[in-house]
Every structure is written in structure tokens, then in C-alpha cells.
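Comments concern the structure below.
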Amino acid sequence: MYESIKIVHSYWAYLVVLILLLASINAISKYASKKPYGAKDFRISLFALIVSHIQLLIGIILYFISPYFEAFSSVGMGDVMKNSTLRLYLIEHPFTMIVSIVLITVGYSKHKKKLSSTPKFKLLAIFYTIALLVLLSRVPWSAWLNLN
């Protein structure tokens, strides 16, 4: 079961990065060109929110069934923090991904309250782009690209 969920989590991550990148570029370009906010823009930002939250749920399941999770009880928190691999998978990656999801959620929620296009795109551009950068900062690249 662990391997199956790990594969789903890895492949779904490609979709998350692609859609979040698309949503960020869409918001930045339409903010810069002062274009009106339309139904397509709403769908893009909503889809980024949805796929990122699905990834979070998959990640939470993976976190608790992962063999790394047993390290908390077997070696303790001190040794987890000393081991860079354990620290990445048990602390850094989950924490930064949650921060990224929070940024996406806050940006999406705040943009809905704005009445005109420019502030909507500005909020989406800021929050989604920062979320994308945070997300990319803690991806375990060697494992993700090789699916190890």
C-alpha cells in the first residue's frame, strides 16, 4: 500500500506544480495587462486550490504509513533532526507543503472578496507565486524525479 500511495503522491505532484505554475502565470500576466477577471480565471485558481488540497490529503496518508514515520519512536526526535533524510521527510517537507497549501487557500479566499479584477489578480499572483516557490523549495528532488 505504501508504494502505491507513494507513486500516486509523486505523479499527482506533477499536476500540482503544473497547475499552480499556470495559475501563477495567468494571474501575473493578467494583473500586468489589466485584463478583466473571468470565469476561466476563476476555474484556473479553483483548480489549483483543489489539486493542491487533494495532494495534501494523499501526503497525510503517505506520512503516517511511511517507514520513515516509525523513526520518531525508534530513534527519537533528536536523532531525526540530526539525520538530514529523516528531517526532510518527517519535518521540512510536510511543514513547507502545509505552509504552501495555507498560502494557496488564503490567496484564493482573499481574492474572492475583491470586487474588481486588478486586486483579484494581484492577490492570486502574490499568494500563488509565493506558494509555488515555497513548494519547490522542499521537494525531495532526487527521490521525486527518480520515484525512489
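Because only heavy atoms are used, hydrogens play no part in the values below, and waters and symmetry mates are left out as well, while side chains stay in.
Not one N or O on the side chain of Thr129 forms a donor-acceptor pair closer than 3.5 Å with the backbone of Ile126. A distance-only check finds a donor-acceptor pair linking the side chain of Thr105 to the backbone of Ile101 [under 3.5 Å]. Here the side chain of Lys35 pairs no donor or acceptor atom with the backbone of Lys30 at under 3.5 angstrom. With His93 contributing its side chain and Leu88 its backbone, the two residues share no donor-acceptor pair below 3.5 Å. Without hydrogens or angle criteria, Ser137 side chain to Val134 main chain gives a donor-acceptor distance under 3.5 Å.
Ile65 and Ile54 fall within the same hydrophobic cluster, defined by Ile, Leu, Val, Met, Phe, Trp and Tyr side-chain heavy atoms under 4.5 Å apart, directly or through other members. Transitive grouping of hydrophobic side chains (ILVMFWY, heavy atoms separated by less than 4.5 Å) brings Ile98 and Tyr89 into a common cluster. Taking hydrophobic clusters as Ile, Leu, Val, Met, Phe, Trp and Tyr residues chained together by side-chain heavy-atom distances below 4.5 Å, Leu135 shares a cluster with Val8. Cluster annotation: Ile50 and Leu18 are assigned to distinct hydrophobic clusters (Ile/Leu/Val/Met/Phe/Trp/Tyr, side-chain heavy-atom contacts under 4.5 Å, transitive). Using a 4.5 Å cut-off between side-chain heavy atoms of Ile, Leu, Val, Met, Phe, Trp and Tyr, with links allowed through other members, Leu133 and Leu21 fall into different hydrophobic clusters.
One finds the NZ atom of Lys112 at 13.0 Å from the CG atom of Leu123 (value rounded to the nearest 0.5 Å). Thr96 contributes atom OG1, which lies 11.0 Å from atom CG of Leu103 (distance to the nearest 0.5 angstrom). Taking OG from Ser52 and CG from Leu132, the interatomic distance works out to 11.0 Å, rounded to the nearest 0.5 Å. Between Lys6 atom NZ and Ile58 atom CD1 the span is 15.0 Å, to the nearest 0.5 Å. Taking CZ of Arg138 as the start and OG of Ser100 as the end, the distance is 13.0 Å to the nearest 0.5 Å. A distance of 10.5 Å separates CG in Leu22 from CG in Leu15, rounded to the nearest 0.5 Å.
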Subject >> Test side chain to side chain contact (heavy atoms under 4.5 Å, CB included) applied to Thr118 and Lys34, step by step >> reply: CA-CA 6 Å; Thr118 303; Lys34 307 287 188 215; 3.9 Å; yes
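Looking at every heavy atom in both residues, Ala27 comes nearest to Ala125 through CB-N, 3.5 Å. A pairwise comparison of heavy atoms in Met81 and Ile91 identifies SD-CG1, 3.9 Å as the closest pair. Here the shortest heavy-atom pairing between Ile44 and Ile19 reads O-CG2, 4.4 Å. The two atoms that bring Ala23 and Tyr128 nearest to each other are CB-CD2, 3.5 Å, heavy atoms only. Contact detail for Val51 and Val16: the closest heavy-atom pair is O-CG2, 3.5 Å. Summarising the geometry of Ala131 relative to Leu20, their closest heavy-atom pair is C-CD2, 4.2 Å, with the distance given to 0.1 Å.
Annotation for Tyr2: atom OH counts as buried by contact number, over 12 foreign heavy atoms lying within 6.0 Å. The local environment of NZ in Lys40 is sparse, with at most 12 non-hydrogen atoms from other residues, nucleotides or ligands closer than 6.0 Å. Counted within 6.0 Å of CG on Leu57, heavy atoms from surrounding residues, nucleotides or ligands total more than 12; the atom is thus considered enclosed.
Side-chain contact between Leu124 and Tyr31 is absent, with no heavy atoms from C-beta onward closer than 4.5 Å. Counting heavy atoms from C-beta on, the side chains of Ser84 and Arg87 come closer than 4.5 Å.
Taking the six-membered ring for Trp and thresholds of 30 and 60 degrees, Tyr108 and Phe42 have ring planes inclined between 30 and 60 degrees apart.
Remark: aromatic rings of His111 and Tyr37 are close, center separation under 6.0 Å.
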